[in-house]
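Since the structure comes first, as structure tokens, the remarks are kept for the end.
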Amino acid sequence: MPQVAHPAFLVMGAYATYMLAGYGIDPLLAGLLLMPVFFVFGLGVYQFYYSTFEGRGSDQGLRGIAFFFGVAFIVQVGLILAFGVDQQLVDASYIGSSVEFGEMRVPQRMLVAFGVALALTAVLALYLSRTFTGRAIKAVAQDEGALRLMGANPVRIKRWAFGIATATCALAGALLIIVGPVDPNLDRLYIGRTFCVVVLAGLGSMSGTLVAGLILGIAESIVLSTAGTSWAPAVAFGILLVVLGVRPAGLFGR
Amino acid sequence: MLRFAIGALGVLGLVAALPLVVHNEYWFFAGYVVLQLIVLATAWNILGGYAGYVNFGTGAFFAVGAYTAVALYKAFALPLGLQILAGAAASGLLGFGVGMLTLRLRGIFFSIATIAVAIVLETVVLNWHYVGGAKGLPILRPAETPFFGSYTVWLFFVMTVIAVIAVGAARYVETSWIGRGLRAIRDNEGAAECSGVPTLKLKLAAATLSGALMGAAGAPYAQYLSFIEPTSSFSLNHAVNALAMPIIGGMGHWMGPVIGAVLLGTLQQVVTVTVSSEVNVLVVGVMLVVFVVAAPEGILGLVKRWKKASSK
Amino acid sequence: MEKSLLEIKSVSKQFGGFAALSGVSIDVARGERFGLIGPNGSGKTTLINCISGVLPNDGGSIVFDGEELSGLPAYQRTRRGIARSFQIPRPFASMSVLENLVVPLEYVVHRGSLHLADTEAEAMEILRGIGLADKAATRSNQLSQVELRKLELARAMAARPRLLISDEAMAGLSSNEVSEVLEILFKLNAAGITIIMIEHIMQAVMKFSQRIVCLDAGRIICEGTPGTIVANPEVQKAYLGA
């Protein structure tokens, strides 16, 4: 699914968290509360996408991509119009203070984000391997026809998966704004990072995503400290291009 | 073919005669933008509309053309014509390179790679001080203007020539067996390959041509603005425009991108001046989504349907 | 002994851990009517994909008219004379029936474009032979199932192949329609085209084939004349579940 608007939803999640935080709600809690909202939103978007574009002629692939690109663009510009181009922050008890590990000082908010992200990944991995719907999601990526024969409706499965993916945007967006300030142009950067991680990991591998994410994070930090901030945005995309050229299946992909 | 050639010459003649009637340079300045959009939209459509491979990185190809021209102008005071050729060659090479990297894979990989290339190259240029880096570089136009008296008018004429060449190339591809091969690829790449169509070669050719034309559109950009800097050269707006205009005008025919470019380009000028440039960008995005959903065959498609309905 | 047109030597193909084909060896003689049968999932279409070049084979070699095909992209194999139809028809949906045939004519036969009217006349000839002449101007995504199947065959024929592989062209057709398609295939063979037919409709396969190979789980379990195949207990076992 050509969901190029995913990073845009991510930034939307960050801004939604920001709005709720303005009412005094802890950003992490806000992210969790937003998840069901985003889930339903995701269901709706997929339903619209499916009824308009799926499988009706030769142009549909292109139209699908163009549609999501347009949506991403509208979200980005909408956020600019609503919030301005400046960066926005949130505040919480764990933001601003650090924890000491011997010689190192780790900002507390990073630990929080790391912990939540890890937990989220673990939950998703468990869901995909242990529950029926979860396994159906993995199956639909491999062989839709076979799934249909087993009585599951691929469209509903895909819609459910899309809903879950969008819901994670809510929580991830909250984490994003916890970790650092956000601005509407962030989705361009995150398109790179998201696709880089996915391609580097290889499609279909949950643990691979973790490893790839780590690799990317480390690479970016190295570049940041050696070459400076002006080169950092290119790291994700640079790695992406190299992977595409050398091993398009990714490190762990099928 | 002959009809088109006569039409093209007619257009060029008309444009050459314009300065005799129109004296306000603003019209040429604004018109240049629309012409540039025509070239970008037409170029995009060769790979996007005809073959079905979506390029999200039009900005990269445009900017590579612009910066190649700037670098060569600064180093060798190259005349405009050669700048354009060099820009086209550089962007054509870029198209070929990205194609070699990704056209063997599924279409989405190509699209993602074009975004990647745009950002990577923008980062490179931001750090390249010879051409001004992030601050940009002011460009001194040549002292003499061939014909026309005003350099802006000259650029307008040159861009018209590029537009005519672009549209002519698109028309040639579309109506030839190459166009049929591209359409076969778009309709069903597997079946096309088994029907003898050299899919990789054709896709690479289309990507190279598309890139080269975008580079040609970008080459005079610095001269036009008397300035060049990365943000506007690599702007995502180029990608959205190049994508939206063929979709809105109609992707199956060379007229589509032209119509889309003229309509949307003019609309953009009006909105930017009357409302704001952010809203302008929003308008393009909304129109893109509306047309993709409701009128995928664009204005040309709507006209066709209306004609069919009214002839019953 | 005259050399076979197509020699498949010990071909294997794996998908991840799954062995779709294991050590398949087949010789198809010039001008032969060859049948390929086997239950669903036995590897028939995978084998065809390897022959036509859609998939690379992992082991073994495929030799066509004395030339090793490994490494050749699909379009080159078509240009050397191998054409196939697809199990689920894949028409060029935005094009008319006629134009669907112009594509292989331009890309395989003429390698360039002649005067379009001449190429279209050639295409019309083929359409007449297959009974689709009256649909020439119809957009291909508006055809009925049997018409789509015929278009698949017509498009393969437009590549003027020496070897035609028909992949379940008759699935889901009525018995009249099956006879129609069978007649077309007989006609083509009479004109000198070697044909490999993959079908589940046993009647058709038995009637058509001079020799048949039966696949099961990626291996050949029986090979011989229709009579031999029908009597073979392995074949009967393989099909009981199908």
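Throughout, protein chains are lettered first and strands after them, A, B, ... in sequence-line order, and every chain is numbered starting at 1.
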Heavy-atom contact with chain B under 4.5 Å, split by part of [X]:
X         : value
Val54(C)  : side chain
Pro161(C) : neither
Leu116(C) : side chain
Arg77(C)  : neither
Arg90(C)  : both

Show the nearest heavy-atom pair for residues [X] and [Y], with the distance to one decimal.
X         : Y         : result
Gly196(B) : Tyr75(C)  : C-CB, 3.7 Å
Asn188(B) : Pro91(C)  : CB-O, 4.3 Å
Phe86(C)  : Gly190(B) : CZ-O, 4.1 Å
Tyr107(C) : Trp177(B) : OH-O, 2.8 Å
Met95(C)  : Arg180(B) : CE-O, 3.5 Å
Thr78(C)  : Ser195(B) : CG2-C, 4.2 Å

Next on the checklist: Please determine whether the number of non-hydrogen atoms from other residues, nucleotides or ligands lying under 6.0 Å from atom CZ of Arg305(B) exceeds 12.
Outcome noted: no
Item to check | Gln14(C), CD atom: more than 12 neighbouring heavy atoms under 6.0 Å | outcome: yes
Checklist entry - Could you give the distance from CG (Asn100(C)) to CG (Asp187(B)), rounded to the nearest 0.5 Å? => result 8.0 Å
Checklist outcome for this item: Counting heavy-atom pairs under 4.5 Å with chain B, the top scorer among Glu152(C), Glu106(C), Arg155(C) is Glu106(C)
